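So that the names make sense, note that chain A is the first sequence line, chain B the second, and so on, each numbered from 1. These figures come from a predicted structure and were not determined experimentally.
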Amino acid sequence: MDKYNPKEIEKKWQDFWAKNPDNFSAKDESGQEKAFILDMFPYPSGTGLHVGHVEGYTASDIYSRYKRMNGKNVLHPIGWDAFGLPAENYAIKTGVHPKITTQEAVETFTHQMNAMGFSYDWSREVNSSLPEYYKWTQWLFLLFYKNGLAYKKKAKVNWCPKCQTVLANEQAENGKCERCESEVIQKDLEQWFFKITDFVEDNGETSGLLSGLEKIDWPNSTKSLQKNWIGKSEGAQFKMSIVIASEAKQSRDVEINTEIATSLSAPRNDMYIEVYTTRIDTVFGMTYAVVAPEHSVIKEQRSMIKNIEEIDAYVEDSKKKTDLDRMEAKVKTGVEIKGMKVINPFNGEALPLFVADYVLSQYGTGAVMAVPAHDERDFEFAKKYDLPIKEVIMPIFGEPHEGAVKRETVSPLIQRKSDGKFLFLKMKGELNGVITTIIGGIEEGESIESAAVRETLEETGYETKFIGKLGEKLESHFYAPHKKEWRERIDQSVVLELINENEIQEISNKEKDLQEIIWLTENESYKKLIYESDIIRMNRFLGKETAHTDDGRVINSREYSNLTSAEAREKLTAWLEEKKIGQRKINYKLRDWLVSRQRYWGAPIPIIYCEKCGEVAVPEKDLPVVLPDDVDFKPTGESPLKYSKKFQEVRCPKCGGEAKRESDTMDTFVCSSWYYLRYSDPKNEKEFASKEKLEKWLPVDLYVGGAEHSVLHLLYARFFTKVLHNLGYLNFDEPFLKLRHQGTILAEDGTKMSKSKGNVVNPDDVVAQFGADALRIFEMFMGPLEDAKPWQTKGIVGVSRFLERVYEHFKRNKKGLGDSWDEWCDFEKWKNNPEKGDTSIEIKTILNKTIKGVSGDIENLKFNTAISKLMILFNTIYKAETNKQFPRDIRLESSLSTFITIDDYKKIIIILSPFAPHLAEELWEKLGNSESIFLQKWPAYDPELIKDEEIELIVQINGKVRDKIVVSADISEEEAKKLATESEKVKIHIAEKEIKKVIFVKGRLISIVI
RNA sequence: GGGCGAGUGGCGGAAUUGGUAUACGCACGACACUUAAAAUGUCGCUCCGUUCGCGGAUUGAGGGUUCGAGUCCCUCCUUGCCCACCA
């Protein structure tokens, strides 16, 4: 037997698995418990598989093999997300048909996947670009259409001038095309949409896209990305009447204007704008209002607008701007609409109205109330145009508020008796004749300007009050109890500064005076609740010149003053509803999904336009609408399908008259939104999948794929599942119960791998050099599955050496010194060796521990630690056997003490097998087995054997490790204490001191406090 | 600007979820085998000190809770990813 030769071994077993596909196929008929383990199906690109693919696929492969060996009926399929722009763009450049490039890429991918030893069930392979697949994509489109969930609408859409197609909002990142980076422009076009917004909230029995997140095991980051994308916000929408500017001036009186405002409910006044806000509690701070350039008020009230030319010019100007321009504009721009004012219905104030493109037309009502004191954008705008800023929210200090962090104890210095009202202020100056620093509190409700700090000095009996502003000399006053009045003190000068907790600590170390003063006022109370975030909030409130946007207590708001923000929102909204001026309103950032594309390489939308009958669905019997082959790909702004006569010209299915086909195709995300369902029944010609098989295999138990799909694919797939659940086709409403992302594999220097940098690692090269088993193990060993990890070319030799050693060790464990494998491996002798008896206890223990550990690690997808445990197992055995060096026969003799029975040896090979399937099959065969190792049962561990009889008890003194003593594992506390105190090392440290306390943690440590 | 993570040796990373920090691997060093090198094997490898027994420090910095903190709490710093005028 020769050296470990992965090339030979791997080829051999890949051929074997290809000839025995049943080993890995999912059994429709089996009564065993199912496990659906799914990889995100790849886009078969011309560049082939990259190391990132290999990472995710290896993880799911290990998991699948493990589950099969644990008696699960595993469905582990693969397929191709084969439609898409790159193939079409390549066709435009070279004239090679996408069908051909895609087919070639699929072959390359298939070849590479087999070369990695992935145990897919190839009998269930799907390809979204084949008619037998997209027939059902079209069928699903029609299902949506018939249920009012697919509709056509003229819409302002993101248009990529380079790709010559419409993009979904999700694909127009930062105003740039996701694929080609060109700037996206806005176009008005007839487009198809899916009503994804109908499924944000629960819909009958079907959980919504939001609430459904709560019941699935997904990474939190992915859940929160989806939540943010949906962007739910709860607020109020209300009408503000528009009045002629000159009239508004006369009616300052609140009563009158409130009447005008409330009279909006009457039909005689339809002059109003409607605004949406989540901060109705700040409504009394409104000092102007803003509409988006696209807002209808500009078109409808032209006669009222005095500066209409100026407004038109501004609107024209912002129309020209792309979304990118608008976003990148550092300074907000806008123009006042002269000649009209809007009335704040709450106080009747007439306020100026602006048009500005910092307001988005697509969100809410396209109009907002502006509260510069409490909104950063409004603040910025108000500063620029010199508009008034009116504060109506006061932060709350020293009181529980949203986001407050409760802390039960604080250091003595800032434990002050002041009824929970804290503001950390440092007063530095002369106090009672001594230069000193004190830390003071502020009464709730007092603003910093009126009463800065109150301090009671108990030794004088006088309460002292300092009045002034931060950074300035304060006036100090004292309260004379006998006169019951405040008097000014002139003998002290104190400067007030804001400080944070760290500084308080520093002061405590440096200034003893301070401590004394504080202690004088302090000694009754050591424990107090304070709120850490107060310091930050206070800094923000006092420090920067900026809007402060936190909730707080409402001020300057008539009868609503003194309410908290939350209370005020409730009451103000109720008032709006009562007066019929407005109502509660929930808005979402998520908009309906634009699914039509003016492209060739996608599934045609199965709709026919007839002059008589209008829009007609293609009848089910006519599906699929096949994509024609003879098409000119050159983009024109319209779908290439428009120019295929054969495709275009069609009879109306209703009236038989002349008609035309819809020439748009579907977004590829439509194809990938349901492919996981198809795996359950991939050959079905009558249904997208039979109900019975869907119920057998779905939902997906584990889904592994890149985090870049956190929003698009994963949201759309959930939407599809919810629709199908809602319509009674599925008995589950979340498709993927457990989701894990593989982390990005970075280049060696920690940057992203990219073709342009030339630092892409090609898995083929690694396989050629080290073998697939080595690459699999290496990628799993690099670190946690979900972390981003840099590639380390040198690191792979470590796992390669490990595999070599496994192979070498296998050889060495055999009897005989001949050269041929048969002579090396006298298994009969090994099996029945009467002198050897059982596996040595040390090896048995570590083997059982490893079985337990590796099993647990695979369950938790912690492959890096699983591999390290396997390495430890082999190192232990190997080391024990090689503790004597050459000559070889002595070494073999020495292995007597580490003898392993053939049954235990089998267990070792089995637990290695999911990681290194080729090597494991090879060794398994060499052990004389004819059946594949992957048909074997995963070994169970013996719980008796993993218990340690003796442990190393750690002895700590005052938290420091001072000794380690070997004791029996179930040692009692008394015994442990006795043994510990008898230890010489411990005696030295205890010396004469008294033992105050002993903490005993069974089986682990004993901690002595002196 | 907002959201979510992460900071542990020269490097990738481990740590039973509050109980021996640095497992496993890479790189590095010494030795063995060799004419030599590679390969392989054995030993060493956080830092500082050391009389070679051991002592001290250490998980981005500072503070807190605890008998005990990489792990929990607070502040600050650095960094990654995603979102970004959504009222």
Side-chain angles (χ1 to χ4, degrees), chain A residues 173-174 219-225 227-229 231 233 235 275-279 282 290 326-327 329 332 356-360 362-365 367-371 375-378 380-381 405-411 500-506 532-533 535-536 549 587-590 707-708 710-711 743-744 750 778 781-784 786-799 801-802 804-805 808 853 856 864-865 867-872 875 878-879 882-883 885-886 952-961 964 985 996-999 1001 1004-1005 1007-1010:
Chain A
E173 293 173 346
N174 284 333
N220 275 332
S221 56
T222 306
K223 286 188 186 180
S224 86
L225 277 176
K227 265 188 216 152
N228 287 344
W229 191 262
S233 71
V275 298
Y276 173 73
T277 181
T278 53
R279 289 299 303 274
T282 65
V290 194
R326 286 199 192 185
M327 272 181 246
K332 295 198 176 3
D357 62 11
Y358 79 89
V359 173
L360 305 174
Q362 316 94 300
Y363 185 78
T365 58
V368 300
M369 66 176 212
V371 185
D375 182 281
E376 276 170 38
R377 295 152 301 181
D378 298 341
E380 203 187 306
F381 192 80
V405 177
K406 210 156 79 172
R407 213 172 105 168
E408 292 203 11
T409 50
V410 294
S411 70
N500 65 27
E501 200 196 345
N502 281 353
E503 291 174 66
I504 295 172
Q505 293 300 333
E506 273 172 41
E532 297 277 355
S533 51
I535 299 165
I536 311 163
T549 55
N587 270 333
Y588 303 92
K589 291 189 211 174
L590 182 74
E708 67 273 17
S710 294
V711 177
T744 328
F778 176 60
F781 187 58
M782 287 196 302
E786 307 215 22
D787 288 9
K789 306 164 280 272
W791 181 267
Q792 284 190 296
T793 304
K794 278 186 176 163
I796 195 164
V797 306
V799 295
R801 282 204 273 256
F802 165 65
E804 272 165 33
R805 234 176 301 169
E808 284 295 315
N864 53 335
T865 51
I867 292 163
S868 122
K869 281 169 186 143
L870 287 167
M871 286 173 168
I872 292 169
N875 287 350
Y878 201 74
K879 236 184 213 172
T882 52
N883 56 6
Q885 292 191 24
F886 294 96
E952 215 178 19
L953 186 78
I954 306 305
V955 185
Q956 288 186 344
I957 297 171
N958 287 346
K960 288 217 161 100
V961 179
K964 302 167 186 182
K985 287 177 191 165
K996 284 184 193 145
K997 201 171 170 184
V998 175
I999 287 114
V1001 182
R1004 198 143 286 164
L1005 62 77
S1007 181
I1008 299 168
V1009 186
I1010 52 173

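When the C1' atom of B/A38 is taken as reference, atom CD of A/E804 falls 13 Å away, rounded to whole Å. A straight line from NZ of A/K794 to P of B/C28 spans 6 Å, rounded to a whole angstrom.
Checking B/C26, B/C82, B/G3 against every side-chain atom of A/V797, the shortest atom distance belongs to B/C26. Listed nucleotides: B/A87, B/G13, B/G25. Nearest to the side chain of A/Q792: B/G25.
A gap of 22 Å separates the C1' atoms of B/C24 and B/G19, to the nearest Å. One P atom belongs to B/G13, the other to B/C81, and the distance between them is 15 Å to the nearest Å. Separation of the P atoms belonging to B/A57 and B/G5 is 34 Å when rounded to the nearest angstrom.
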Which letter, B, S or -, goes with each nucleotide of nucleotides 14-20 of chain B from 5' to 3', with contact meaning a protein heavy atom under 4.0 Å? SSB--BB

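Checked against the 6.0 Å centroid threshold, A/Y588 and A/W229 do not count as a close aromatic pair.
For B/G29, the paired nucleotide is B/C43, the pair qualifying as Watson-Crick or G-U wobble because both relevant distances are below 3.5 Å. B/U78 is paired with B/A6 under the Watson-Crick or G-U wobble criterion, all donor-acceptor distances under 3.5 Å.
Regarding the sugar-base torsion, B/G9 falls in the syn class, its angle being within 90° of 0. In B/G5 the base sits anti relative to the sugar, since the glycosidic angle is further than 90° from 0. Shown here, B/U17 is classed syn by the O4'-C1'-N9-C4 or O4'-C1'-N1-C2 angle, which is within 90° of 0.
Every residue meeting the salt bridge (Lys or Arg N to Asp or Glu O under 4.0 Å) condition with A/R279, not counting sequence neighbours, appears here in chain and number order: A/D281, A/D551. Every residue meeting the side chain to side chain contact (heavy atoms under 4.5 Å, CB included) condition with A/V371, not counting sequence neighbours, appears here in chain and number order: A/T282, A/M286, A/M369, A/H374. Taking the salt bridge (Lys or Arg N to Asp or Glu O under 4.0 Å) definition, one finds that A/E786 meets it with A/R740, sequence neighbours left out. With sequence neighbours excluded, the residues forming a side chain to side chain donor-acceptor pair (under 3.5 Å) with A/K869 are A/D857, listed by chain and number. Residues meeting the ring pair (Phe, Tyr, Trp, His ring centres under 6.0 Å) test with A/F802, sequence neighbours left out: A/F874. By the ring pair (Phe, Tyr, Trp, His ring centres under 6.0 Å) test, A/F381 is found to be paired with A/Y288, A/F354, A/Y358, A/Y385, residues two or more places apart in sequence or in another chain being considered. Under the rule for a side chain to side chain donor-acceptor pair (under 3.5 Å), A/S224 has no partner lying at least two apart in sequence or in another chain.
Looking at every heavy atom in both residues, A/V290 comes nearest to A/A370 through CG2-CB, 4.3 Å.
Side-chain N/O atoms of A/R801 include one lying less than 4.0 angstrom from OP1 or OP2 on B/A27. For A/K997 and B/U66, the shortest distance from a side-chain N or O to OP1 or OP2 is not below 4.0 Å.
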Scan nucleotides 4-6 of chain B against the protein and return all N/O pairs shorter than 3.5 Å with their distances rounded to 0.1 Å.
none

